[in-house]
Number of protein chains: 2
Amino acid sequence: MAPTAAPEPAPEPAPELTPRLRLATLRLARLLRQHADPETGLSQSLLSTLGTVARCGPVTLGRLAELERVQPPSMTRIVTQLEERGLVVREVDALDRRVARVRTTPAAGRLIVGLRTRKNEYLAARLAELTVGERRALEAALPALEHLAGVPG
Amino acid sequence: MAPTAAPEPAPEPAPELTPRLRLATLRLARLLRQHADPETGLSQSLLSTLGTVARCGPVTLGRLAELERVQPPSMTRIVTQLEERGLVVREVDALDRRVARVRTTPAAGRLIVGLRTRKNEYLAARLAELTVGERRALEAALPALEHLAGVPG
DNA sequence: TATTGTTATACTCTATAACTATA
DNA sequence: TATAGTTATAGAGTATAACAATA
């Protein structure tokens with residue numbers, strides 16, 4: 001007979017979990033993107049870069065290009081556009097005057113907060129349509145989702 | 001005292017659920033996209049359109065443009081490229097010769113299956129790293145996620 | 001005259017290659 | 001000579017406007 005206290009009950013996930021989780025995640029992400037970004041007048045790459053600058057603080061252009069998986073010349077243009085819109089500022093390093101660091105302005109902070117708020121409002125409205133049981137299930141699955149997504153903490 | 005059998009326990013979701021679910025979903029979706037698409041040599045819009053044609057069967061160009069949220073001229077170009085690669089065929093409607101319907105070829109079917117397999121393999125590998133409890137939580141949350149994402153069924 | 005789809009053209013975004021300035 | 005960033009230029013991808021074919 002099999003042991004009653006299962007020590008390692010199947011290392012691979014249930015067969016249906018993988019494709020269903022994949023499809024649901026991709027579709028939900030698309031909905032979230034559609035329901036907040038358009039109103040800013042900023043492209044996806046501008047928004048993404050702005051978020052990275054906000055998260056990582058003063059950061060060099062080269063490092064920023066790495067983080068956004070973009071070539072340095074592209075990042076130059078992106079930062080230039082963000083600067084023209086008053087959302088970031090370039091600062092030349094005092095010791096090594098080749099490197100330029102980028103940081104966000106207060107206006108960027110306000111924009112980011114507003115954007116986040118709108119996405120959250122949309123998602124919250126959708127969550128409010130679910131049953132209590134469904135919301136509890138999502139809360140219980142949150143650590144697993146964050147683990148999968150590589151969210152720090 | 002509060003009633004013990006809560007009849008409507010808060011219509012709005014827990015305060016932390018919304019932002020955490022939003023962040024985790026967006027990041028996981030990005031990981032999934034990065035880990036299968038590049039190898040095909042097809043752009044994101046080509047892949048997305050191909051998937052839609054496969055899902056919706058023979059479909060007119062106009063309808064396809066609607067579904068993909070793209071203007072008709074752009075869809076003309078996308079379909080032309082897919083046709084050049086032997087992944088779809090155009091068929092003129094016999095009764096109304098203005099409309100052209102698009103359907104996938106067997107080669108597209110094979111490509112789509114291979115792609116889906118690769119994405120699933122990546123996600124399955126990540127899921128295998130989770131604890132049993134985390135996977136169970138994800139399975140339990142699946143209906144809620146599909147509901148949120150508007151997955152039919 | 002209205003509708004389906006196409007062609008013409010311009011704009012945005014990204015990349016590679018060549019360049020400037022610092023070190 | 002090497003490195004950080006920029007400018008020059010070209011290739012995708014999309015949009016709007018004008019057009020062709022059909023109803």
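The sequence lines fix the lettering, A, B, ..., with proteins before strands; numbering per chain opens at 1. These figures come from a predicted structure and were not determined experimentally.
Per the geometry, CD belonging to A:Glu66 stands 14 Å off P belonging to C:dA15, to the nearest Å. In this structure, B:Gln44 atom CD and C:dC13 atom C1' are separated by 16 Å, rounded to whole Å. Rounded to whole angstrom, the span from the CZ atom of A:Arg63 across to the C1' atom of D:dA4 amounts to 15 Å. As a whole-Å value, the separation of A:Leu82 CG from C:dC13 C1' is 14 Å. Between the CG atom of A:Asp96 and the P atom of C:dA21 there is a distance of 16 Å, rounded to whole Å. The interatomic distance linking B:Arg98 (CZ) with C:dT1 (C1') rounds to 11 Å, in whole Å. Taking atom CD of A:Gln71 as the reference point, atom C1' of D:dA12 lies 16 Å away to the nearest angstrom. Atom C1' of nucleotide C:dC11 and atom CD of A:Gln81 are separated by 12 Å, given to the nearest angstrom.
A salt bridge (Lys or Arg N to Asp or Glu O under 4.0 Å) with B:Glu146 is found for exactly one of A:Arg20, A:Arg27, A:Arg22, namely A:Arg20.
Across C:dT16, C:dT7, D:dG5, the shortest atom-to-atom separation from the side chain of A:Pro73 is found for C:dT16.
When the side-chain nitrogen and oxygen atoms of A:Ser45 are compared with OP1 and OP2 of C:dC13, none of them lie within a distance under 4.0 Å. The shortest distance between the side-chain N/O atoms of B:Ser74 and the OP1/OP2 oxygens of D:dA15 is below 4.0 Å. An OP1 or OP2 oxygen of D:dG13 is reached within less than 4.0 angstrom by a side-chain nitrogen or oxygen of B:Ser43.
Summary of the strand contacts: A:Arg101 and B:Ile78 both lie near DNA chain D, and taking for each the nucleotide with the nearest heavy atom, the more 5' one is attributed to A:Arg101. The residue among B:Ala100 and B:Arg77 whose nearest nucleotide of DNA chain C lies closer to the 5′ end is B:Ala100.
The residue B:Arg90 sits close only to the backbone: its heavy atoms come under 4.0 Å of sugar-phosphate atoms, none of a base. Looking at heavy-atom distances under 4.0 Å, A:Leu64 makes no contact with the nucleic acid at all.
Ion pairing of A:Glu121 with A:Arg118 is absent here, as no side-chain N (NZ or NE/NH1/NH2) approaches a carboxylate O to less than 4.0 Å. Ionic pairing of B:Arg136 and B:Glu139 is not present here: no N-O contact between side-chain nitrogen and carboxylate oxygen is shorter than 4.0 angstrom. Salt-bridge formation is detected for the pair A:Arg126/A:Glu129: a Lys NZ or Arg NE/NH1/NH2 atom is positioned less than 4.0 Å from an Asp or Glu carboxylate oxygen.
The backbone N or O of B:Leu130 sits less than 3.5 Å from a side-chain atom of B:Arg135, completing a donor-acceptor pair.
Contact of A:Arg97 with C:dT22 (side chain to base): no donor-acceptor pair of N or O atoms is detected under 3.5 Å.
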